[in-house]
Engineer: 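Please see the structure below; I have some questions.
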Amino acid sequence: MASTTDTLTRDKLYIGGEWVEPDGTGMIDVINPTTEEVVGSIPEGTAEDADRAVRAARTAFDSWAALSPYERARYCEAIGAQLTERGDELGALITSELGMPIGLSRMIQAGLPPLAFSSMPELVEEVAWEEEVGNSLVVREPAGVVAAITPWNYPLNQIALKVAPAMTAGCTVVVKPSEVAPLNAFVLAEACEAVGLPAGVFNLVTGYGPVVGEAIVSHPQTDMISFTGSTRAGRRVSELAAARVKPVAVELGGKSPNVILDDADLEKAVTHGVGKCFLNSGQTCSALTRMLVPRERLDAAEQIAAAVAEAYTPGDPLVDGSAMGPLVSDVQRERVRGYIEKGKQEGAKLVTGGSQPPDGLEQGYFVRPTVFSQVTTDMTIAQEEIFGPVLAIMPYDDEEDAIRIANDSEYGLAGGVWSADEERAKKMAARIRTGQVEINGGTWNPMAPFGGFKQSGHGREAGRFGLEEFLVTKSMQL
Ligand code: NDP
């Protein structure tokens, strides 16, 4: 299969406005999941590197926080313009790290991060930086030095959703990206450098979570943690932060329900729902992985889902129009295959797909798009986040049963409702315990607050709510 980029060796870290030698000599290979070849390598940072970065961020804080929000937002806007200029490069780079089809990668992976940065001047206008409450002046101040830890599935966007609002709020940041898809983060550091961002406002330290991640979270000079990733790591980060009572915003996993009511256009709802499960090979935290259908429409839903899933032929993500690439890694592929086997063992009906490799794809971490039906809430595939192209269709008897199934989850990130009657759909959406619900396939809104209920986390990202997450409130009595 074609390769997108030459091997990229990044042997320096970005700390205090400079590209510096890492403390250690270890390097981590970045693997192209389509070719299984090394596409680049990055420094395996140490606790010493984390310490240097946090100190640089601390040193930069006072003068950065003294600028007006608008001045800070202008830097973000300029960074957004840099990222836009490098959009094609970023789309290809992220496809090489992650395996997302190139068209989608350009649109989503390279398209969303500039928007997060360039929206800042407008969002500054929406925040009440000062207000009067009785005889008090209430002001919003930056939270301080922020540790930003991010996963690999939407790698640059997850960084952007933290860095742009944190910097605009007046915080300085230390970013620790996932070591699985880290190369894009270096492009962001170059963009910060190119626009003349003051030294130490943005710092990048790569390496492993338990080493670099834990060091920045625990560092006495870090004030706030913004984490996106698994619930397991989110819990660990929260425990470490609790030792110094640091605020933590965590965006974690999901097992999101998509409730198709009996009056919905089934063809449309199922087709859209399969797409919402399979985006990015199912490696999307808000993927609608549980499709709830009225029991009497189960057969029809299965047939539609099978036809849609079978049209998602996995293949080379560099071929324009390709709909599904590989999973990000061998580990992830084996995990997903394990869940498919588990679904069969626990008695779910395999409608299409399976754990065997897709035909003709000997190379690359590909998995067959898979649909299970007759899934019940006691099954592992109804409860655990699979993070692969595996849909669980769950029949329900009536609306109350649908609500019970939808909310029978430790997670609460996203959801969907389909009905011919929008008011009915809204009532159902109000009873689903998740941070967002799309009605009849309502379009993704990058400015709407994003985050979870329950073990999907707390705190919100994107838009004004995302910016306010990095502010603390002070009252001055006059
Ligand atoms: P992980 O939780 O394994 O990793 C996320 C980040 O945390 C990585 O940078 C990782 O470092 C780091 N990390 C791991 N352990 C620790 C630790 N002990 N201390 C500090 N940092 C640590 O998740 P994945 O990267 O595998 O991402 C997939 C998960 O993220 C899924 O569960 C998904 O649902 C969730 N997610 C949630 C989103 C949301 O907004 N709710 C959005 C996107 C993903 P390392 O590089 O070593 O892995």
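Note that the structure is predicted; figures quoted are calculated from it, not measured. Computed over heavy atoms, backbone and side chain alike; hydrogens, waters and symmetry mates excluded.
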Engineer: Kindly say whether Q356 contributes a backbone atom to a donor-acceptor pair with the side chain of R368 at under 3.5 angstrom?
Structural biologist: yes
Engineer: Tell me yes or no: between the side chains of T434 and Y411, is some donor less than 3.5 Å from an acceptor?
Structural biologist: no
Engineer: Keeping T271 on the side-chain end and K268 on the backbone end, is there a donor-acceptor pair under 3.5 Å?
Structural biologist: no
Engineer: With the side chain counted from C-beta on, respond yes when I260 and L292 share a heavy-atom pair under 4.5 Å apart, and no when they do not.
Structural biologist: no
Engineer: Please lay out, stage by stage, how E346 and T380 fare under the test side chain to side chain donor-acceptor pair (under 3.5 Å).
Structural biologist: CA-CA 8 Å; E346 291 185 350; T380 307; 2.7 Å; yes
Engineer: List the residues meeting salt bridge (Lys or Arg N to Asp or Glu O under 4.0 Å) with R10, not counting sequence neighbours, and say none if there are none.
Structural biologist: E190
Engineer: Using a strict threshold of under 4.0 Å (side-chain N to carboxylate O), is an ion pair present between R236 and E214?
Structural biologist: yes
Engineer: Going by atom type alone, with no hydrogens or angles, which donor-acceptor pairs under 3.5 Å involve a side-chain atom of residues 440-450 and a protein atom two or more places apart or on another chain?
Structural biologist:
| from | atom 1 | to | atom 2 | distance (Å) |
| --- | --- | --- | --- | --- |
| N440 | OD1 | S419 | N | 2.9 |
| N440 | ND2 | S419 | O | 3.0 |
| N445 | OD1 | M447 | N | 2.9 |

Engineer: Measure across I386 and R335 and return the closest heavy-atom pair with its distance rounded to 0.1 Å.
Structural biologist: O-NH1, 4.0 Å
Engineer: Give the ring-plane orientation class for F202 versus Y14, where under 30° counts as parallel, over 60° as perpendicular and anything between as tilted.
Structural biologist: tilted
Engineer: Are any side-chain N or O atoms of S119 and backbone N or O atoms of A116, one a donor and one an acceptor, separated by less than 3.5 Å?
Structural biologist: yes
Engineer: Is any side-chain N of the basic residue among E400 and R431 closer than 4.0 Å to the acidic one's carboxylate O?
Structural biologist: yes
Engineer: Within the 4.5 Å heavy-atom criterion, are V180 and Q332 side-chain neighbours or not?
Structural biologist: no
Engineer: Could you verify whether a donor N or O on one side chain and an acceptor N or O on the other, from T228 and Q158, lie under 3.5 Å apart?
Structural biologist: no
Engineer: Measure from the side-chain N and O atoms of N258 to the backbone N and O of G415, and report whether any donor-acceptor pair falls under 3.5 Å.
Structural biologist: no
Engineer: When you compare the side chain of D316 with that of S322, does any pair of heavy atoms fall below 4.5 Å?
Structural biologist: no
Engineer: Using a distance-only test with no angle check, is there a side-chain donor-acceptor pair under 3.5 angstrom linking Q455 and T231?
Structural biologist: no
Engineer: Report yes or no: does Q283 contribute a side-chain atom to a donor-acceptor pair with the main-chain N or O of N280 at less than 3.5 Å?
Structural biologist: yes
Engineer: Answer yes or no: is there an ion pair linking D49 with K176, defined by an N-O contact shorter than 4.0 Å?
Structural biologist: no
Engineer: With rounding to the nearest 0.5 Å, note down the distance linking CG in D88 to CZ in R86.
Structural biologist: 12.0 Å
Engineer: For G91, does its backbone N or O pair with a side-chain atom of S105 as donor and acceptor, under 3.5 Å?
Structural biologist: yes
Engineer: Does one side chain, of D378 or T376, offer a donor that lies under 3.5 Å from an acceptor on the other?
Structural biologist: yes
Engineer: Looking at every heavy atom in both G412 and S456, which two are closest together, and how far apart are they?
Structural biologist: N-OG, 2.8 Å
Engineer: Pick from T35, L98, T34: which one makes a side-chain contact (heavy atoms from CB on, under 4.5 Å) with P326?
Structural biologist: T34
Engineer: May I have the list of side-chain donor-acceptor pairs in residues 245-256 shorter than 3.5 Å, sequence neighbours left out?
Structural biologist:
| from | atom 1 | to | atom 2 | distance (Å) |
| --- | --- | --- | --- | --- |
| K246 | NZ | V217 | O | 2.7 |
| K246 | NZ | H219 | O | 2.5 |
| K246 | NZ | T222 | O | 3.2 |
| K255 | NZ | I381 | O | 2.9 |
| K255 | NZ | E384 | O | 2.9 |
| S256 | OG | A414 | N | 3.1 |
| S256 | OG | A414 | O | 3.1 |

Engineer: Any heavy-atom pair between the side chains of L83 and L188 that's under 4.5 Å?
Structural biologist: yes
Engineer: Apply salt bridge (charged side-chain N to carboxylate O under 4.0 Å, His left out) to the pair D421 and K427, showing each step before the final yes or no.
Structural biologist: CA-CA 10 Å; D421 175 351; K427 278 189 193 138; over 6 Å; no
Engineer: Run the salt-bridge test on K162 and E461 with the 4.0 Å N-O cut-off and return the result as yes or no.
Structural biologist: yes
